[in-house]
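For clarity, every value in this text was computed on a predicted model and none was experimentally measured.
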Amino acid sequence: MNNIFICSFCHEARPIDDQHMFCGQSFCTCCYDSETTICDHCGERIWEGECITDGIITLCRTYCEEV
C-alpha cells in the first residue's frame, strides 16, 4: 500500500510513479495536465485558471500585468 498516493484533485488512489507535486499538492498525471499549464514566456508551471491564453500562446498573469 505504500506505493500509492491519493490525488488532491480527483481523490483517486494512483500508483506513486503517477504522482506530480504542485503547490504542495499531489496530482495524478491526468489532473496535473488538466489543472495546470506552462507559461510560454517564463516557463513556470501555473494553474490553468490563472493564465491568459489565446489558444496558442499561454502566459501567466504576472507577465501580462508587467507588459
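Ser8 pairs by the side-chain contact (heavy atoms from CB on, under 4.5 Å) definition with Gln25, Ser26, not counting sequence neighbours. Every side-chain contact (heavy atoms from CB on, under 4.5 Å) that Asp33 has, sequence neighbours left out, goes to Thr29.
Asn3 contributes no side-chain N or O that, together with a main-chain N or O of Ile16, makes up a donor-acceptor pair within less than 3.5 Å.
Between Arg14 and Cys28, the closest heavy-atom pair is CG-CB, 3.7 Å. The minimum heavy-atom distance between Glu48 and Thr36, with the atom names listed, is OE1-O, 3.7 Å. Contact between Tyr32 and Met21 at its shortest, heavy atoms only, is CE1-O, 4.1 Å. Of all the heavy atoms in Ala13 and Ile4, the pair that sits closest is CB-CD1, 4.2 Å.
Note that CD1 of Ile6 is 10.5 Å distant from CD of Gln19, once rounded to the nearest 0.5 Å. Once rounded to the nearest 0.5 Å, the distance linking SG of Cys51 with CD1 of Ile57 reads 12.0 Å. The OG1 atom of Thr58 sits 7.0 Å away from the CD1 atom of Ile46 when rounded to the nearest 0.5 Å.
Looking only at side-chain heavy atoms (C-beta outward), Ile38 and Arg45 come within less than 4.5 Å of each other.
More than 12 heavy-atom neighbours from other residues, nucleotides or ligands sit within 6.0 angstrom of CZ on Phe22.
For an aromatic pair to be called close, the ring centres must be under 6.0 Å apart, and Phe9 with Trp47 fails this.
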